[in-house]
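One structure is given below, encoded as structure tokens.
Chain letters run A, B, ... following the sequence lines, proteins first and then strands; every chain starts at 1.
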Amino acid sequence: MAEEIKKEEKSLNFLEEIIEEDLKSGKYKSIVTRFPPEPNGYLHMGHATSICLNFGLTKKYSGYTNLRFDDTNPSTEETEYVDSIKEDIKWLGFQWKNEHYASDYFDELYEYAVTLIKKGLAYVDDLNADVIAAMKGSPTEPGTNSPFRDRSIDENLSLFERMKNGEFPDGTHTLRAKIDMAHTNMLMRDPLLYRIKHAHHHRTGDKWCIYPMYDFAHGQSDSIEQVTHSICTLEFVPHRELYDWLIEKLEIFPSRQYEFARRNLSYTVMSKRKLLQLVTEKHVDGWDDPRMPTITGMRRRGYTPESIRDFCDRVGIAKRDNVTDVGLLEFCVREHLNKIALRRMVVFDPVKVVLTNYNELPGQTEMLTSEDNPEDEKSSHRDIPFSKELYIEREDFMENPPKKFFRLAPGQMVRLKSAYIIKCDDVIKDETGAITELHCTYIPESVSGNDVSDIKVKGTLHWVSVKHAITAELRMYDRLFKTEDPSKEEGDFKDYIDPDSLQTIKTVYAEPALKKAKFDERYQFLRKGYFTLDKDTSESRMVFNRTVTLKDSWKPQPSKGG
RNA sequence: UGCCGGAUAGUGUAAUGGUUAACAUAUCACACUUUGACUGUGAUGUUCUCAGUUCGAGUCUGAGUCCGGUGACCA
């Protein structure tokens, strides 16, 4: 027996390295992470990265992940978002251990503030926002101490309590940490800890009129929950110093913050503000528009959670700015859908084929059969009716084909998928010269599964029987933007929206098996792409969304002289 | 202008001082194919610059360049 264990050692990302080191050194026996959305918007692909990271880490190493809503700003947050966020996380396939709210900790946070005041490390400032901002100084110039900086502890205590009791209007007082107004890190120049907001909170109602700032809530919540690794994006790097300072002064559980680069995707935008703009200005159909990089949008588009997780795994994480090619996401989606999608034939832009030598018996329909998914050896099958009159794709016929055109052309033969080989004999046109029918002959002995014709053809076409076809509406979605990084372009990012990113085909012709389409199924319309049923489907109208096209490497050769 | 990050094929990541810098995707060929899909085979293509340390540098040091973040009573 070979002693060498050939283990495919997958390299670790920088967070896995840190965690393995922490586990090895005995610093922690198990790890705790958290996913901390603010309930003021819908989750998008960037959040999905963070979710996969946080939950993935505690799944790989022993531990768990909490869901914590960072609801410290009552004026922007709503319960509506809480529900959608939870739904999205579950849909992605993750389950949190505890559901927390920063607002659950308001009492403790208040006590922490009192502790800081008693230590002489925080004070109530009577300055208004503008003055405080002005006195912060600039990156190159130190700030100026507030005249209220050296109030007595007792006075601070009393003032802070009166703030809590609602004795002051909004904006008149704040609680600030007493650190260093000349600090090179602007965030350390006596940062605000609490502000007065006489606002109704979605969970605590009217109990509070003072609310902690992010910096005085996030790290403290981490600590209360004994989060070991608090993972956030790079723009919070400057906050880490304050994060550590507060934990040290408060002498609470030392959670540690680690930062990674947020995930950007090409041909889309990812900031909450921009996505909101797209919705409110009606450039898209809503948060769940299938072109949106939101979880709900991708779900409606037909993306699978498996493919999104796979994508996150493949791209990994690091600390450098990135714009990941959305093509990679599309690859992951195709790869998964190829395995699970049921095959169906749908003709988008029909041209009629008449099989001149096919004799239909009255009252009888020839039924053919085809596998639902050739990737699956145990695939189920469905029946497909065949008849004298068929539709094929208009683009699958050319009167004057270029070289290597494997489809239908005068005198040329093709296979109809799961049916017969046919040969084109005549092209029928109307008075304008437009092709109305193709007269073909079929080869009876070439039937799929029992082909004794010995004819080899290069092309196989999808088709439907005219009289058996059902109709549906198709929404062909493409990338929302025309440029890779719309935010980087000159002018407004919205100028780069692709007006053709949604093209609706009102009527397409499908084989009857598609009538039984279900919302949780994915379909591959043969040679066309992956589709899923849209919520706009009604009794009278089926609507399908194109999730992603099939890869298509065929390029028509330039034909010479007609 | 200060402070803090970062720079490896087109893109995203790996290589933890030691062969010819790897993997995925993309692109291009070829093969296979009752989906011009899938699959298979091959090819193209990479360490920001300069100097230094070292037998040996993508990795360490210094300088420079470029990119990003940061100056909300937002998170």
Side-chain angles (χ1 to χ4, degrees), chain A residues 10-13 17 36-38 40 70-73 75-77 102 125 127-130 132-133 136-143 170-176 183-189 192-197 210-211 213-215 217-218 232-241 259 261 263 266 272 311 313-332 334-335 338-339 343 345 370 374-375 404-407 414-421 446 448-449 451 457-462 484 524-529 549-555:
Chain A
K10 209 188 161 215
S11 56
L12 305 175
N13 65 45
E17 278 178 18
E38 185 190 7
N40 71 348
D70 237 335
D71 55 353
T72 56
N73 187 353
S75 36
T76 59
E77 294 148 4
D125 200 341
L127 264 23
N128 69 41
D130 293 339
I132 289 179
K136 276 245 160 146
S138 76
T140 45
E141 300 156 307
D170 289 7
T172 53
H173 297 76
T174 55
L175 183 74
R176 302 178 69 179
H183 205 286
T184 53
N185 181 351
M186 299 282 290
L187 277 160
M188 298 294 276
R189 320 244 260 229
L192 268 63
L193 268 21
Y194 265 94
R195 78 282 215 189
I196 301 172
K197 262 182 195 276
I210 56 171
Y211 293 92
M213 299 287 291
Y214 166 84
D215 286 303
H218 199 100
C232 61
T233 44
L234 247 27
E235 69 267 27
F236 289 98
V237 169
H239 293 253
R240 190 176 59 228
E241 197 169 8
E259 312 87 9
R263 178 69 44 203
S266 61
K272 248 184 217 176
F311 171 76
D313 274 357
R314 282 174 190 261
V315 296
I317 51 133
K319 300 183 82 149
R320 68 182 100 128
D321 297 334
N322 60 81
V323 181
T324 303
D325 189 349
V326 72
L328 184 57
L329 211 209
E330 292 167 348
F331 166 84
C332 294
R334 285 192 188 100
E335 188 178 58
N338 180 45
K339 293 199 186 83
R343 270 56 171 178
M345 293 198 284
S370 188
E375 299 287 313
K404 289 202 180 170
F405 183 76
F406 300 151
R407 309 176 187 184
V414 291
R415 154 81 55 190
L416 295 178
K417 171 71 183 173
S418 297
Y420 298 90
I421 291 173
S446 67
S448 287
D451 183 356
V457 293
K458 287 291 275 183
T460 300
L461 307 185
H462 62 281
E484 259 185 51
Q524 184 197 101
F525 294 172
L526 239 57
R527 307 205 301 134
K528 285 300 193 178
T549 60
L550 248 36
K551 203 173 141 187
D552 183 6
S553 58
W554 183 68
K555 299 170 291 293

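At a cut-off of 3.5 angstrom, the base of rU25(B) holds no donor-acceptor pair with the side chain of Arg314(A). No donor-acceptor contact under 3.5 Å links the side chain of His462(A) to the base of rA37(B). Donor-acceptor pairing under 3.5 Å, judged by distance alone, is present between the side chain of Arg407(A) and the base of rG36(B).
Pairing of rA31(B), defined by two Watson-Crick or G-U wobble distances under 3.5 Å, is identified with rU39(B). In this entry rA75(B) has no Watson-Crick or G-U wobble partner, no candidate having both defining distances under 3.5 Å. Within the shown strands, rG69(B) is the pairing partner of rC3(B) under the Watson-Crick or G-U definition, both distances less than 3.5 Å. Partner assigned to rC60(B) is rG52(B), using Watson-Crick or G-U wobble distances below 3.5 angstrom. A 3.5 Å limit on both hydrogen-bonding distances identifies rC23(B) as the Watson-Crick or G-U partner of rG12(B).
In terms of phosphate contacts, Arg343(A) brings no side-chain nitrogen or oxygen within less than 4.0 Å of OP1 or OP2 of rA37(B). Residue Thr184(A) places none of its side-chain N or O atoms closer than 4.0 Å to OP1 or OP2 of rC4(B). Taking only side-chain nitrogens and oxygens, Arg527(A) comes nearer than 4.0 Å to OP1 or OP2 of rG36(B). Close to rG36(B), at under 4.0 Å from its OP1 or OP2, lies no side-chain N or O of Arg415(A).
To the nearest angstrom, C1' of rU33(B) lies 11 Å from CD of Glu375(A). Taking atom CZ of residue Phe311(A) and atom C1' of nucleotide rA26(B), one finds them 14 Å apart after rounding to whole Å. Taking atom CD of Glu259(A) as the reference point, atom P of rU70(B) lies 14 Å away to the nearest angstrom. Atom pair Leu550(A):CG and rU33(B):P shows a separation of 19 Å (rounding to whole Å applied). For the pair Glu141(A) CD and rC3(B) P, the computed distance is 14 Å after rounding to whole Å. The CH2 atom of Trp554(A) sits 18 Å away from the C1' atom of rC28(B) (whole-angstrom rounding). Taking atom CZ of Phe331(A) as the reference point, atom C1' of rU25(B) lies 7 Å away to the nearest angstrom. Per the geometry, CZ belonging to Arg189(A) stands 15 Å off C1' belonging to rA72(B), to the nearest Å.
With Arg189(A) contributing its side chain and His183(A) its backbone, the two residues share a donor-acceptor pair below 3.5 Å.
Note on Thr174(A): a base of the nucleic acid sits closer than 4.0 angstrom, heavy atoms only. Residue-level contact check: Thr72(A) touches the backbone only, with heavy atoms under 4.0 Å from sugar-phosphate atoms and none from bases. Across all strands shown, Gly327(A) has no heavy atoms under 4.0 Å from either base or sugar-phosphate atoms. At a threshold of 4.0 angstrom between heavy atoms, the contacts of Asn128(A) include nucleobase atoms, whether or not backbone atoms are also involved. Here Tyr211(A) lies out of heavy-atom contact (under 4.0 Å) with every strand. Among the heavy atoms of the strands lying under 4.0 Å from Ser418(A) is at least one base atom, whether or not backbone atoms are also near. Nucleic acid contact for Gly449(A): base, since at least one base atom lies under 4.0 Å from a heavy atom of the residue. Note on Glu335(A): nothing from the nucleic acid sits closer than 4.0 angstrom, heavy atoms only. Residue Leu328(A) is classed as a sugar-phosphate contact, given heavy-atom separations below 4.0 Å to backbone atoms only. The residue Tyr420(A) sits apart from the nucleic acid: no heavy atom pair falls under 4.0 Å. Among the protein residues, Arg263(A) comes within range of the sugar-phosphate backbone only, with heavy atoms under 4.0 Å from sugar or phosphate atoms but none that close to a base.
Nearest heavy-atom pair across Glu38(A) and Asp70(A) is CG-O, 3.5 Å.
Taking only side-chain atoms of Asn322(A), from C-beta outward, the nucleotide of rA14(B), rG12(B), rU34(B) with the closest atom is rG12(B). For Ala129(A), taking side-chain heavy atoms from C-beta onward, the closest of the listed nucleotides rC73(B), rG69(B), rU34(B) is rC73(B). Of the listed nucleotides (rG36(B), rC74(B), rA14(B)), rA14(B) has the atom at the smallest distance from the side chain of Ser11(A). Closest contact between the side chain of Asp451(A) and the listed nucleotides rU34(B), rU35(B), rU8(B) involves rU34(B). Among rU34(B), rG69(B), rC38(B), the nucleotide with an atom closest to any side-chain atom of Thr460(A) is rU34(B). With distances taken from any side-chain atom of Lys551(A) to the nucleotides rG6(B), rA37(B), rC74(B), the minimum falls on rA37(B). Which of rC67(B), rG36(B), rU35(B) sits closest to the side chain of Asp321(A) comes down to rC67(B).
rU54(B) and rU11(B) are spaced 35 Å apart, taking the C1' atom of each and rounding to whole Å.
Within the 4.5 Å cutoff, side-chain heavy atoms of His239(A) are placed close to those of Tyr214(A).
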